[in-house]
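Notes to accompany the following structure.
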Protein chains: 2
Amino acid sequence: MLTQKAKYAIKALIFLAQNKGLVKTKDIAEKARIPKKFLESILLELKSHKLVASIQGAAGGYYLLEEPSGITLALIYRIFEGPIALVPCASMNFYQPCSDCEDEQSCQIRAAMIRVREQTLKVLESITIQQMVDGEDKQQA
Amino acid sequence: MLTQKAKYAIKALIFLAQNKGLVKTKDIAEKARIPKKFLESILLELKSHKLVASIQGAAGGYYLLEEPSGITLALIYRIFEGPIALVPCASMNFYQPCSDCEDEQSCQIRAAMIRVREQTLKVLESITIQQMVDGEDKQQA
DNA sequence: ATTAATTCTACCAAATTAGTAGAATATAAA
DNA sequence: TTTATATTCTACTAATTTGGTAGAATTAAT
């Protein structure tokens with residue numbers, strides 16, 4: 001399951017995609033029903049990953065840096081949830097040896113989990129913010 | 001990522017699959033390197049879901065109730081991690097409306113997440129304990 | 001200067017995770 | 001029938017994560 005934070009991030013990105021140009025945090029918070037203070041920290045995180053940029057000051061706000069069609073669920077997932085793999089030793093972007101692993105090369109779980117990660121990654125990379133904006137019906141073709 | 005508990009459960013199930021018949025908790029704990037007390041609670045949980053059964057007393061132990069080829073990662077995931085879907089409103093087995101949802105029917109996130117769940121479920125159902133026992137090379141065919 | 005926005009620093013309560021301790025119960029064997 | 005050893009049940013606990021909030025500092029347009 002996604003954390004609330006990741007879900008808010010998706011909602012915020014959808015809102016930014018639907019409102020091209022500069023948007024105030026306050027507007028996103030109200031229209032997308034996200035606690036404003038919490039949203040601020042989420043936007044900063046998105047900014048640090050170059051998905052959005054901001055302008056400070058009274059006429060400031062946030063805007064998308066990437067095409068909505070280029071923002072995949074895989075990308076968002078990795079920012080807010082970390083590894084897509086089910087075990088650290090099967091991760092591409094967050095590889096870590098498992099704490100209790102004896103021999104990684106012969107690990108039966110790891111081999112299976114790498115296959116799971118490969119498939120899951122395909123799925124998460126196939127879903128984009130643009131698709132969510134367009135809605136389900138436009139996926140048919 | 002899987003919790004440690006789920007990972008231990010998989011290790012325990014692999015061990016039981018490789019050692020047909022009655023196996024003592026102590027043996028599983030030592031050979032699969034799982035903290036014994038923690039393992040006990042995991043085995044009880046597997047028992048309550050009818051994946052294993054036990055015999056009490058001095059000559060007791062645990063044994064598999066299901067064919068290793070019938071124990072899918074999806075099944076294990078649901079027992080120890082809960083929903084496979086990324087949001088509660090997209091879950092089959094653990095459906096719940098999202099706390100902040102305005103209109104489920106028109107929710108752009110839900111539509112996408114249902115597609116993710118459908119694909120993810122296929123992946124998790126395609127991986128079984130038997131496959132992990134056999135090892136990666138035997139998956140080629 | 002005032003106003004209104006982003007940014008930064010620091011909290012905080014509740015839930016989850018990864019266990020442990022110890023008693024109770026069941027059963028095989030001496 | 002005692003003893004040894006196994007499962008089972010009840011109750012804790014420390015550390016981490018989650019989902020926020022509060023308030024001050026900074027930035028920039030009017």
Side-chain angles (χ1 to χ4, degrees), chain A residues 1-12 16 21-30 32-49 51-65 77 79-83 86-88 94 96 98-100, chain B residues 1-12 16 21-30 32-49 51-65 77 79-83 86-88 94 96 98-100:
Chain A
M1 298 269 286
L2 294 181
T3 56
Q4 200 58 30
K5 197 170 189 175
K7 234 172 77 179
Y8 286 154
I10 293 171
K11 288 177 89 171
L16 283 170
L22 209 56
V23 183
K24 293 189 206 319
T25 304
K26 196 184 171 194
D27 285 346
I28 307 174
E30 284 171 5
R33 296 174 55 176
I34 304 169
K36 181 164 178 287
K37 275 294 192 179
F38 198 22
L39 176 60
E40 286 174 16
S41 67
I42 292 166
L43 288 169
L44 282 174
E45 212 160 334
L46 288 172
K47 187 185 172 185
S48 79
H49 286 272
L51 288 185
V52 303
S54 68
I55 290 177
Q56 283 189 221
Y62 284 89
Y63 57 96
L64 278 188
L65 268 186
Y77 193 98
I79 292 173
F80 292 98
E81 309 285 347
L86 292 177
V87 288
F94 300 84
Q96 266 189 281
C98 290
S99 55
D100 58 329
Chain B
M1 298 269 285
L2 293 182
T3 56
Q4 201 58 29
K5 197 170 188 175
K7 234 172 75 178
Y8 286 153
I10 293 171
K11 286 178 90 170
L16 283 170
L22 209 57
V23 183
K24 291 190 206 319
T25 304
K26 197 185 171 194
D27 284 345
I28 307 175
E30 285 171 4
R33 296 175 55 176
I34 303 169
K36 181 163 178 285
K37 275 295 191 179
F38 198 21
L39 176 60
E40 284 174 17
S41 67
I42 292 166
L43 288 170
L44 282 174
E45 212 160 335
L46 288 172
K47 188 186 171 183
S48 79
H49 286 271
L51 288 184
V52 303
S54 68
I55 290 178
Q56 284 188 220
Y62 285 89
Y63 58 96
L64 278 187
L65 268 186
Y77 193 97
I79 293 173
F80 293 97
E81 310 286 346
L86 293 177
V87 289
F94 298 85
Q96 264 189 281
C98 290
S99 55
D100 58 329

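Just the heavy atoms: all of them, side chains too, but no hydrogens, waters or symmetry mates, feed the values below. Note on naming: letters A, B, ... go to the chains in the order of the sequence lines (proteins, then strands), and numbering restarts at 1 for each one. The structure displayed is predicted, hence computed values, not measured ones.
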**Complete:** Rounded to whole Å, CZ of Phe38(B) lies from C1' of dT20(C) at a distance of 11 Å

**Request:** Could I get the full list of side-chain hydrogen bond (donor to acceptor under 3.5 Å, both in side chains) partners for Gln56(A), not counting sequence neighbours?
**Result:** none

**Complete:** So the contacted stretch of DNA chain D, first to last nucleotide with an atom under 4.0 Å from a non-hydrogen atom of chain A, runs from dT18(D) to dA29(D)

**Prompt:** Closer than 4.0 Å, any side-chain N/O of Tyr8(B) to the OP1 or OP2 of dA18(C)?
**Reply:** no

**Asked** Of Tyr77(B), Phe80(B), Tyr8(B), which meets side-chain contact (heavy atoms from CB on, under 4.5 Å) against Leu2(B)?
**Response** Tyr77(B)

**Asked** What does Ile55(B) touch in the nucleic acid at a heavy-atom separation under 4.0 angstrom: a base, only the sugar-phosphate, or nothing?
**Response** sugar-phosphate

**Message:** Considering every strand and a 4.0 Å limit on heavy-atom distances, what is the contact class for Lys5(A): base, sugar-phosphate, or nothing?
**Reply:** sugar-phosphate

**Item:** Interatomic distance, Lys24(B) NZ vs dA26(C) P [rounded to whole Å]
**Value:** 18 Å

**Item:** Atom-pair distance (CG on Asp27(A); C1' on dA5(C)), nearest Å
**Value:** 11 Å

**Fill in**
Nearest-nucleotide check on DNA chain D, Lys37(A) vs Ala6(A); residue mapping nearer the 5' end is Ala6(A)

**Request:** Measure the shortest side-chain to side-chain distance between Tyr62(B) and Leu51(B) over non-hydrogen atoms and say whether it is less than 4.5 angstrom.
**Result:** no

**Rounded distance (Å) that lies between atom P of dT25(C) and atom CG of Leu44(B)** = 16 Å

**Asked** Can you tell me how far CD1 of Ile42(A) sits from CD1 of Ile28(A), rounded to the nearest 0.5 angstrom?
**Response** 10.0 Å

**Message:** Output the rounded distance in Å from NZ (Lys47(A)) to C1' (dA5(C)).
**Reply:** 12 Å

**Request:** Taking the side chain as every heavy atom from C-beta outward, state whether Pro83(A) and Gln96(A) have any pair of such atoms under 4.5 Å apart.
**Result:** no

**Item:** For atom CD of Gln56(B) and atom P of dA29(C), their distance in whole Å
**Value:** 16 Å

**Request:** Answer with base, sugar-phosphate or nothing: what part of the nucleic acid does Lys7(A) contact at a heavy-atom distance below 4.0 Å?
**Result:** nothing

**Asked** Rounded to whole angstrom units, what separation is found between the CG atom of Leu22(A) and the P atom of dA5(C)?
**Response** 11 Å

**Request:** Can you measure from CG (Leu44(B)) to CG (Leu39(B)) and round to the nearest 0.5 angstrom?
**Result:** 9.5 Å

**Item:** Polar side-chain atom of Glu81(B) near backbone of Thr3(B) as donor-acceptor pair, under 3.5 Å
**Value:** yes

**Asked** Given that Ser41(B) and Glu40(A) both sit by DNA chain C, which one's nearest nucleotide is further toward the 5' end?
**Response** Glu40(A)

**Residue mapping more 5' on DNA chain C - nearest nucleotide basis, Thr3(B) or Gly57(B)** = Thr3(B)

**Message:** Is Thr25(A) close enough to dT6(C) that one of its side-chain N or O atoms is under 4.0 Å from OP1 or OP2 there?
**Reply:** yes

